Amino acid sequence: MTKGDEILIIGGGIIGGAAAYYLAKQGCSVTLLEKSSYFGNGGSSRNGGGVRQSGRDPRELPIAMWGIQTIWPTLSDELEFDCEYYQEGNLRLGKTEAHLKTLQGLTDKAMACGLDVRMISGDDARAICPYLSEEVIGASWCPTDGHANPMATTLAFFRKARQLGVHCISGEEIVSLKKIRGVVRQAIAADGTVYEADKIILAAGFASRLILGTIGLDVPLYTLLEEAIVTEAQPPMFYQMLGTAAADFYGHQTKHGSFVFGAHSGYEMTNLDNGTPINSSLAASACCRGIMGYFPALKDTKIVRSWAGWIDMCSDGVPVISETEEAPGLIIACGFTGHGFGIGPAVGKLLSQMALGQETSVDLSPLRYDRFRPVV
């Protein structure tokens with residue numbers, strides 16, 4: 001069976017959902033496929049919620065800046081759903097001189113790109129967030145950063161896309177792509193169904209690498225396991241997005257009072273039988289000990305839920321958002337390396353521009369696929 005559509009999107013996370021919405025908004029016929037049983041089943045709905053510019057690689061920073069300036073402030077109104085977006089700034093914390101050196105390097109690179117970010121003292125950081133411990137001796141501060149609700153935002157895009165006529169199909173795993181007369185036109189599902197489109201957008205996380213391999217392309221991706229925790233609701237304390245120079249945890253307080261924290265402790269575990277990510281009491285405990293070193297006021301707060309999940313990592317730390325000479329008709333969007341949520345709406349809009357042959361609002365050349373070609 002062959003199904004034809006103008007644009008086919010593979011991957012039901014925030015990138016795919018946002019692209020589907022913006023394309024449908026311009027009158028395109030769109031089909032979106034997701035291999036799991038529901039949309040947003042990956043990292044898009046299970047992350048720390050950061051909508052940040054600080055701490056980003058200069059190659060992707062322009063996307064984050066553009067998205068925060070033009071999309072996030074009015075996104076809840078546009079999607080007619082509360083994305084719980086707070087623009088209360090981002091503190092990236094340091095406890096040692098080595099931490100401050102790391103933060104200074106990131107700050108200098110961001111300032112060179114025009115971002116309003118600066119180094120502040122520990123006392124200045126405590127003036128912004130009085131709950132910080134005395135161990136914090138400095139921080140970087142970006143007042144235009146913030147956070148949002150990942151699940152609400154991701155599902156709001158799908159809700160709106162459906163309202164505009166996007167054909168969303170869950171439980172449909174794409175296993176290969178096929179060229180017709182040199183142009184990528186078909187996607188073949190595990191059950192043999194063939195989907196055909198004028199343009200195909202591949203935004204399937206780590207699975208993108210396997211799918212790309214069927215037409216001789218490769219993006220150097222690997223997976224990293226991280227664990228997250230959610231606390232019981234607390235009285236309003238602070239709404240800054242938090243991170244550390246040591247990258248031992250990140251998170252924020254939600255609109256509902258609970259705290260959401262993510263961490264990579266080194267204690268995360270996988271099921272050795274099938275590679276399924278599973279929760280680990282060791283990882284959760286290590287995460288909590290780290291957080292208490294920065295926020296002792298949270299020491300008696302109860303953890304109500306935790307989970308573990310895979311992050312699709314790109315070898316050089318930034319995503320691939322690109323068309324390719326080797327595969328005309330295909331647009332690749334993968335390898336977001338754990339920070340795709342915050343730029344997800346902007347990337348979706350940029351992908352819609354690419355698919356329609358329009359000039360993109362942000363220069364994406366630093367994120368091209370061909371940056372991995374060997375130098376000869």
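Remember, predicted model here, so these are calculated numbers, not experimental data.
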Check your understanding: Could you give the distance from CD (Gln253) to NE2 (His147), rounded to the nearest 0.5 Å?
Key -> 8.5 Å
Point to revise | Ile211 versus Thr214, closest heavy-atom pair with distance | key: O-OG1, 2.6 Å
Point to revise | Student check: side-chain heavy atoms of Ile9 and Ile200 closer than 4.5 Å | key: no
Review point. Atom CZ of Phe372 and atom OG of Ser315: how far apart are they, to the nearest 0.5 Å?
Key: 4.5 Å
Review point. What residues form a side chain to side chain donor-acceptor pair (under 3.5 Å) with Tyr250, not counting sequence neighbours?
Key: Glu226
Exercise for review: Please check if the side chain of Arg92 supplies one atom and the backbone of Gly243 the other of a donor-acceptor pair under 3.5 Å.
Suggested key: no
Practice item. Return yes if some donor-acceptor pair links the side-chain N/O of Asp145 with the main-chain N/O of Gln53 below 3.5 Å, else return no. Key: yes
Point to revise | Pairing residues for Tyr38 by the ring-ring contact (aromatic ring centres under 6.0 Å, His included) criterion, not counting sequence neighbours | key: none
Check your understanding: Which pairs count as side-chain hydrogen bond (donor to acceptor under 3.5 Å, both in side chains) when at least one residue sits in residues 323-335, sequence neighbours excluded?
Key -> Lys199-Glu323, Glu326-Arg373
Point to revise | Phe249 reachable from Met237 in the ILVMFWY side-chain graph, under 4.5 Å edges | key: yes
Point to revise | Main-chain N/O of Gly11 paired with Glu34 side-chain donor or acceptor, under 3.5 Å | key: no
Practice item. Rounded to the nearest 0.5 Å, what's the gap from CE on Met65 to SG on Cys142? Could you check? Key: 8.5 Å
Practice item. Taking atom types as modelled, find out whether Asn149 and Thr153 have a side-chain donor-acceptor pair closer than 3.5 angstrom. Key: no
Point to revise | Residues in side chain to side chain donor-acceptor pair (under 3.5 Å) contact with Lys109, at least two apart in sequence or another chain | key: none
May I have the list of side-chain donor-acceptor pairs in residues 300-309 shorter than 3.5 Å, sequence neighbours left out?
unit_1 : atom_1 : unit_2 : atom_2 : d
Thr301 : OG1    : Leu298 : O      : 3.2
Ser306 : OG     : Asn279 : ND2    : 3.3
Trp307 : NE1    : Arg46  : O      : 3.3

Check your understanding: Does the separation of the ring centres of Phe158 and Phe39 fall below 6.0 angstrom?
Key -> yes
Point to revise | Stepwise side chain to side chain contact (heavy atoms under 4.5 Å, CB included) test for Ile331 and Leu202 | key: CA-CA 6 Å; Ile331 300 172; Leu202 179 60; over 6 Å; no
Point to revise | Connected via hydrophobic side-chain network under 4.5 Å: Trp141 and Tyr239 | key: no
Check your understanding: Are Lys95 and Glu135 within salt-bridge range, i.e. N to O under 4.0 Å?
Key -> yes
Review point. Residues sharing Met151's hydrophobic cluster, by side-chain heavy-atom contacts under 4.5 Å among ILVMFWY, directly or via others?
Key: Leu155
**Study point:** Donor-acceptor contact present, side-chain Ser208 to main-chain Ala204, <3.5 Å
**Key:** yes
**Study point:** Co-membership, hydrophobic cluster, residues Leu364 and Ile332, 4.5 Å side-chain
**Key:** no
Practice item. Please check if Val166 and Leu33 belong to a single hydrophobic cluster, counting links between Ile, Leu, Val, Met, Phe, Trp and Tyr side chain heavy atoms closer than 4.5 Å. Key: no
Practice item. Name all residues meeting the side chain to side chain donor-acceptor pair (under 3.5 Å) criterion together with Glu359; count only those two or more places apart in sequence or in a different chain, and write none if there are none. Key: none
Point to revise | Test item: Thr193 side-chain N/O and Ala189 main-chain N/O as donor-acceptor pair under 3.5 Å | key: no
Check your understanding: Ala148 and Val51: which non-hydrogen atoms are nearest, and at how many Å?
Key -> N-CG2, 3.9 Å
**Study point:** By ring-ring contact (aromatic ring centres under 6.0 Å, His included) - contacts of Phe81 (at least two apart)
**Key:** none
Check your understanding: Is the backbone N or O of Ser133 less than 3.5 Å from a side-chain atom of Arg126, with the two atoms forming a donor-acceptor pair by type?
Key -> yes
Ignoring hydrogens and angles, write down the donor-acceptor pairs under 3.5 Å from the side chains of residues 12-26, residues two or more places apart or on other chains.
unit_1 : atom_1 : unit_2 : atom_2 : d
Tyr21  : OH     : Glu78  : OE2    : 2.8
Lys25  : NZ     : Glu78  : OE2    : 2.7
Gln26  : OE1    : Gln358 : NE2    : 3.2

Exercise for review: Before giving the answer on side chain to side chain contact (heavy atoms under 4.5 Å, CB included), spell out for Ile68 and Gln87 the whole-Å C-alpha distance, their side-chain angles and the decisive distance to 0.1 Å.
Suggested key: CA-CA 9 Å; Ile68 285 175; Gln87 193 176 25; 3.5 Å; yes
Revision key, fill the gap. With sequence neighbours left out, the residues meeting ring-ring contact (aromatic ring centres under 6.0 Å, His included) with Phe259 are Phe238, Phe261
Practice item. Determine which pairs satisfy ring pair (Phe, Tyr, Trp, His ring centres under 6.0 Å) with at least one residue from residues 317-341, sequence neighbours left out, and list them in order. Key: Trp72-Phe341
Review point. So, Arg209 side chain and Leu221 main chain: donor-acceptor pair closer than 3.5 Å or not?
Key: yes
Point to revise | Donor-acceptor pair, side chain of Arg368 and main chain of Asp370, under 3.5 angstrom | key: no
Practice item. For salt bridge (Lys or Arg N to Asp or Glu O under 4.0 Å), just list the numbers for Glu84 and Lys255, CA-CA rounded to whole Å, side-chain angles, deciding distance to a tenth of an Å, and then say yes or no. Key: CA-CA 7 Å; Glu84 300 178 18; Lys255 176 181 180 179; 5.4 Å; no
Practice item. Kindly work out whether a path of hydrophobic side-chain contacts (I/L/V/M/F/W/Y, heavy atoms less than 4.5 Å apart) joins Met354 to Leu356. Key: yes
Review point. Does the Thr107 side chain pair with the main chain of Met119, one donor and one acceptor, at a distance under 3.5 Å?
Key: no
**Study point:** Lys160, NZ: over 12 other non-hydrogen atoms inside 6.0 angstrom
**Key:** yes
Exercise for review: Would you tell me whether Ser121 and Asp124 have side-chain atoms, one donor and one acceptor, within less than 3.5 Å of each other?
Suggested key: yes
Review point. Considering residues at least two apart in sequence or located in another chain, which fulfil the side chain to side chain donor-acceptor pair (under 3.5 Å) criterion with Thr254?
Key: Ser258
Practice item. Could you tell me whether a side-chain N or O of Glu196 sits under 3.5 Å from a main-chain N or O of Glu6, the two making a donor and an acceptor? Key: no
